[in-house]
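Chain identifiers are assigned alphabetically (A, B, ...) following the order of the sequence lines, protein sequences preceding nucleic acid strands; residue numbering begins at 1 within each chain.
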There are 2 protein chains.
Amino acid sequence: MSKAASAPPKTGRRPASWTQDPEGVRRNILTVAKEEFVENGLSGARVDEIAARTATSKRMIYYYFGDKEGLYRAVLEEMYERIRGFERSLDLASLPPVEAMTLLAGFTFDYHAENPDFVRLVMVENIHHARHLATSDRIATLNLSAIDMIREAYDRGVAAGLFRPGIEALDIHLTISALAFYNVSNRASIRQVFGHDMGAPEALVRRRAAAIDTVLRMLRA
Amino acid sequence: MSKAASAPPKTGRRPASWTQDPEGVRRNILTVAKEEFVENGLSGARVDEIAARTATSKRMIYYYFGDKEGLYRAVLEEMYERIRGFERSLDLASLPPVEAMTLLAGFTFDYHAENPDFVRLVMVENIHHARHLATSDRIATLNLSAIDMIREAYDRGVAAGLFRPGIEALDIHLTISALAFYNVSNRASIRQVFGHDMGAPEALVRRRAAAIDTVLRMLRA
DNA sequence: GACTAAATGAACTGCCTGGTACATTTAACA
DNA sequence: TGTTAAATGTACCAGGCAGTTCATTTAGTC
């Protein structure tokens, strides 16, 4: 087993002799870095802090990722690729239109609620005008399929007379995303200003139902 | 006229003799600081940079605001107080329910679209878990009235048989806000991932109409 | 016009932080 | 088993950056 993987998380000191484990070290760094960037943003994150919480040293961060932004970009890329994977696992085409939209809206809501890290990183990236998304080749070729899946289900719904025509697939996506995203991204400020916890279980189920309902109402003929 | 207000924005060097202008200096600092925080976030903002773009010196920032976070908090507080003012200017009570909701949704959408600075600062604050909102007395006593206004109009709508009963005023607010907020907050990432510019004029009017329509459909009996 | 408090300027400091130089060890392979 | 490239550790550095020190000027007040 690798040093990075086998070392006691914090307590153990590096042994005098070690085992090489490029992939393990890489993963270890990415995991810790993600936490740090999620918690503190790009400018707020500290490379030293990341290194300290790693089983390896700062040296390796620069060895594998070049610089702080390279590390950040790697974290970002991995996250988007993960989303892409989940997206593909959805099989809307085999469901009736209404059920397909219900599933998609519900899934999107849940994914955001269960992955606040994702939401926070996207916020951070937007604060930086998404310039790291822009310069990432891996993400440029990602080709998120959400829109196509939506269009297919929507078109079927229109053909069946269930949905009203004239809506852009992108608009459907934006509505679904907005409701799911906002619920996580603005949790802290809503809590302070309105004293309401959007993260509480009951609030979550209520809001989830509302989101799905809102989307269906928006679509219905 | 004050030094801060009368000095040529960038070019002019401070005159050997100057005029005192506490309020002008304060305002000048706040204006520049807001730009810096909006653009770079709290951790990304540089006090030296703010000072440099001010008609005054770094010394005065600490004189008036204590430290970097104090300055940030002041910017935040002023921004929320401004919103509060706008909110009060809305007179939903004098409008029929549907018109009231249409106005509110449209106004909210427009306010966000026209004030990306506001949106970005709220994002920044949420990244920091809204801990500066939490520690601000000025904001604690702000008492945003949006919810009450919504409830009043909604109740009238229900009484008139126009709206279906059982919806929480807060949920209406959250839906309206989510649609308006997301359209600005995630502009950069949406552009990179989908190649779509949510800030383009046509996109804006279409999305505005969609937002209003979505809210009305969510409410209708 | 002397006195005083508020307001302001200029230079300075010490730590933080991203990044690097240099040395060493591991592991594949001939 | 000797050679070599990849992988890793340690110590260090220079610039950046929040915050301060000290001195000065302005503008009310008696």
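Here C:dC16 presents its C1' atom at 14 Å from CG of B:Asp48, a figure rounded to the nearest Å. A:Arg26 places its CZ atom 11 Å from the P atom of D:dT8, with the value rounded to the nearest Å. Residue A:Lys58 contributes atom NZ, which lies 10 Å from atom C1' of D:dC13 at whole-angstrom precision.
Checking C:dT8, D:dA18, C:dT17 against the side-chain heavy atoms of A:Arg46 singles out C:dT17 as nearest.
Residue-level contact check: A:Arg59 touches the bases, meaning some heavy atom is under 4.0 Å from a base atom.
Phosphate proximity of D:dT10 to A:Ser57: absent, as no side-chain N or O sits under 4.0 Å from OP1 or OP2.
Within the structure, ring-ring contact (aromatic ring centres under 6.0 Å, His included) pairs that include any residue of residues 179-200 of chain A comprise A:His112-A:Phe181, A:Phe181-B:Tyr182, A:Tyr182-B:Phe181, A:Phe194-B:His173 (at least two apart or interchain).
For the pair B:Met60/B:Phe65, no side-chain contact is recorded, criterion being any heavy-atom separation below 4.5 Å from C-beta on.
Under the 4.0 Å criterion applied to side-chain N and carboxylate O atoms, A:Arg27 and A:Glu78 are assigned as salt-bridge partners. With respect to the salt-bridge test (charged N to carboxylate O, under 4.0 angstrom), the residues B:Asp117 and B:Arg120 do not qualify. With respect to the salt-bridge test (charged N to carboxylate O, under 4.0 angstrom), the residues A:Glu36 and A:Arg53 qualify.
Within residues 61-76 of chain B, the residues having any heavy atom under 4.0 Å from DNA chain D are, by residue number, B:Tyr62, B:Asp67, B:Lys68.
Between B:Pro22 and A:Leu42, the residue anchored closer to the 5' end of DNA chain C is B:Pro22, taking for each the nucleotide with the nearest heavy atom.
Applying the salt bridge (charged side-chain N to carboxylate O under 4.0 Å, His left out) criterion to A:Glu69, with sequence neighbours excluded, gives A:Arg131.
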